Amino acid sequence: MSEEYRELGVSIPIGPFHPALKEPIGFRIWVEGEKIVKADIRFGHNYRGIELIGARRNWIQILYLAERICGICSWSHQFPLAQAIESLMDVRPPDRANYIRVVVGELERIHSHMLWLGVLGHEIGFDTLLHLTWGVREKVMDALELISGNRVNYAMATIGGVRRDITEAKRDILLRKLDDLLKGVETLRDIVLTHKLVLLRTEGVGRYDRELALRLCLQGPMARMCGIRKDVRQDEGVAAYGDLGFRAIVARDVVGKDGCDAYSATAVRVAETIQSINLVRDALMEMPPGPISAFPKPIVALTRASKAEGEAIGRYEAPRGEVIHYVRAAKSDKPKRWKVRAPSLINVYSTKWVFPGHQIADAVVIAAQPDPCIACTERALIVDLDRGERRVVDHAYLTELSRRKSKEVMGDV
Amino acid sequence: MGLQRFIKRSPWVFHLNTGGCNACDIEILAALTPRYDAERFGVKLVGSPRHADILVVSGPMTRKDVEKAKRIYEQMPSPKAVVAVGVCTMGGSVFHDSPFVTAPISDHIPVDVYIPGCPPRPEAILHGILEALEKLEVE
Amino acid sequence: MDLNQLLEELKRVSGGEGFVQDQEMSKTSRRRRVWVTADRRNFRSVILKLVEMYTYPQLSFIVAQDLGDRLQLIYSFEVNSGKPLEAVEVSVKVDIPKDDPRIATITDMFPGAEVYEREAQEMIGVDVVGLPDKRRLLIPEDFPEGVFPLRLDEKGIPPELWKKKSPHPLEGDGNE
């Protein structure tokens, strides 16, 4: 134990394992009584050396490796990598492929945001919300299964286009499903944005400010909840987003002000879900006919890519923010260097600046706010150095704290 | 009713992600939510390994997680069963040659049921958990 | 601002080389990239120039790579973010010699850069001077000291650390 730990008194590590879902990650928070005074974040429990083994795969194989960086945003990693390789080869995908890319990307966004909403509900002890959102979410999973044949890893993007077409028949089924889905999400929106418990537990919790968000270069909904209207889909018009006239949503469009807190983050994500449903519908309606890929077969793309040289960057707005892939090629069937930046890296790291000043019971909400591919905390170890005593408490304790606070605040009103 | 033999018991499940990509993890959670509803078999996700009967493991077991995973396994009371979800647990899947991955996880903790798939469907996960339950029953 | 103008402006500060990528992506949108090289001593002034020209350029990432005879860091910024269809990705490449792998930090300008610099530090073994937190970020603690996974020379992953074979090998799965 370092001196620093001693000076600051009680520290609580949260994680790295947690029961409900998502990746292992470690938070360590130092507390004075109930107040958090300092926080530190430990990554690396999930480090699989993907960039390293990516250099041993060929251009087609790494698309499927990229997909397995994250199961929730599998499209959001495969697509920017495909874009980066297209940029290397200077290939423009056909228009129909661009529209199908929008459809898959937005369906993924809907399922990811629904997932987050359920997790938020679970964290604040509102399990009804968890089951409601996951009930609605299954409709999106059905839609993705209809298009790609799989629920989670869709394997849809390829160099120069997409791998499967959306036929007339599928389109009609999808449009019907979307109506259903919209109804479900609108009900959820009315519950979430007005429910007393959600308001009490999220307003003012995890408060950033606009300046801090800009200086830290926060991404995605975390930036948009602070009123920064930035979104790769809007700024760069990737795939067909430019053709569809996409505009990003910030918190003030939904709730009238940029709260920069967990409530604004919730509002942005809920509004984006509805926006995504409309985008999918627009893309399905306006989809032009034509080929779905610039190359007849993946092997042709591989051969062409093996002749490419230089560097390229592919960008896409994942549900959590900007995903950016860098590749360097030197006339080989393998990349020389492949670099991936996922938005959660900076979004999660930024909570370090935001934890101090909050109560322990709010820690789980702050940890969940960036949708960090981490949601619940599992097991915490309380080290009280003054008494030299180590006390192991489980996840139940922290969630219990959070839930007790929910009960208390609900009792007041 | 064949199902009655399952409904007699209520197995509590602890979920451990050892560096997987989340795909299996969201499918495990999906198995617990209304559409698939594992709770009708009494399956409940718990927050501590000390309360759990079944350990559901996903992911290729990264180096950093090995010791922690072993500790979690040891903390579980007997009889216990381990269900490995996804192909990563069997041989590392796409990560098989990474120096940071130590798959298969049976090198570190004993596994009773493997559920193949990348990721397996929620139905398959439910089936796997019920298979593990039978093992507990025999013991 | 025109991409070529931007490139000229940056080249004037850095004294390095550079080029522009401008590719069509769909009917309306284009992919705009500006690449410029800078020296280890003046890359901070290039970044300061960007900050001057555009308030709050957004730091996208820092790529750390081994080019064989030298190391390279690429600082990539998004400028014009928030303006529909106008975003430009500006990448500043900085070469670092292998025998003296030191570089100044940019955390004073971009506090969020801390996480990328810590990553670069452990991946290719550059020494970021002035970085407040020098611990390992991703690599496990029991991993040998002095091994940098993304180095391509003798400081990289030694052959014995690579897993030779898949535990369930297919026929012909030689794994190079």
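Predicted model, so just to flag it, every value in this text is computed and none were measured. First the proteins, then the strands, lettered A, B, ... as listed; each starts at 1.
For C/Q21, the part lying near chain A is the side chain, with the backbone staying farther off; criterion is any non-hydrogen pair under 4.5 Å. Heavy atoms of A/D90 lying under 4.5 Å from chain C belong to its backbone as well as its side chain. For a residue to count as touching a neighbouring chain, one of its non-hydrogen atoms must lie under 4.5 Å from one of that chain's; by this rule C/R30 touches chain A with the backbone only. For C/S91, the part lying under 4.5 angstrom from a heavy atom of chain A is the side chain only. Contact of C/K27 with chain A is made through backbone and side chain together, with heavy-atom distances under 4.5 Å. The part of C/D66 that comes within reach of chain A is its backbone (N, CA, C, O), which places non-hydrogen atoms under 4.5 angstrom from that chain. Heavy-atom distances place the side chain of C/I157, and not its backbone, under 4.5 Å from chain A. The parts of C/F110 that come within reach of chain A are both its backbone and its side chain, each placing non-hydrogen atoms under 4.5 angstrom from that chain. Neither the backbone nor the side chain of A/K336 has a heavy atom closer than 4.5 Å to any heavy atom of chain C. With a threshold of 4.5 angstrom between heavy atoms, C/E24 approaches chain A through its backbone and through its side chain.
Note: A/Y316 and A/F79 have perpendicular aromatic rings, judged against thresholds of 30 and 60 degrees for the angle between ring planes. Ring geometry for A/Y326 against C/W35 counts as tilted: the plane angle lies between 30° and 60°, on a 0 to 90° scale.
For the 3.5 Å distance criterion, the side chains of A/Y349 and C/Y116 fail to qualify, holding no donor opposite an acceptor. C/S26 and A/N98 share no side-chain donor-acceptor pair at under 3.5 Å.
Residue C/R136 qualifies as enclosed at atom CZ: its count of foreign heavy atoms under 6.0 Å is above 12.
Distance check, rounded to the nearest 0.5 Å: CD1 of C/I96 to CD1 of C/I103 gives 4.0 Å. Separating the CZ atom in A/R48 from the CZ atom in A/R68 is a distance of 11.0 Å, to the nearest 0.5 Å.
Counting heavy atoms from C-beta on, the side chains of A/E51 and C/Q65 never come closer than 4.5 Å.
Comparing C/A113, C/S76, C/A64 by how many heavy-atom pairs each has under 4.5 Å with chain A, the most go to C/A64.
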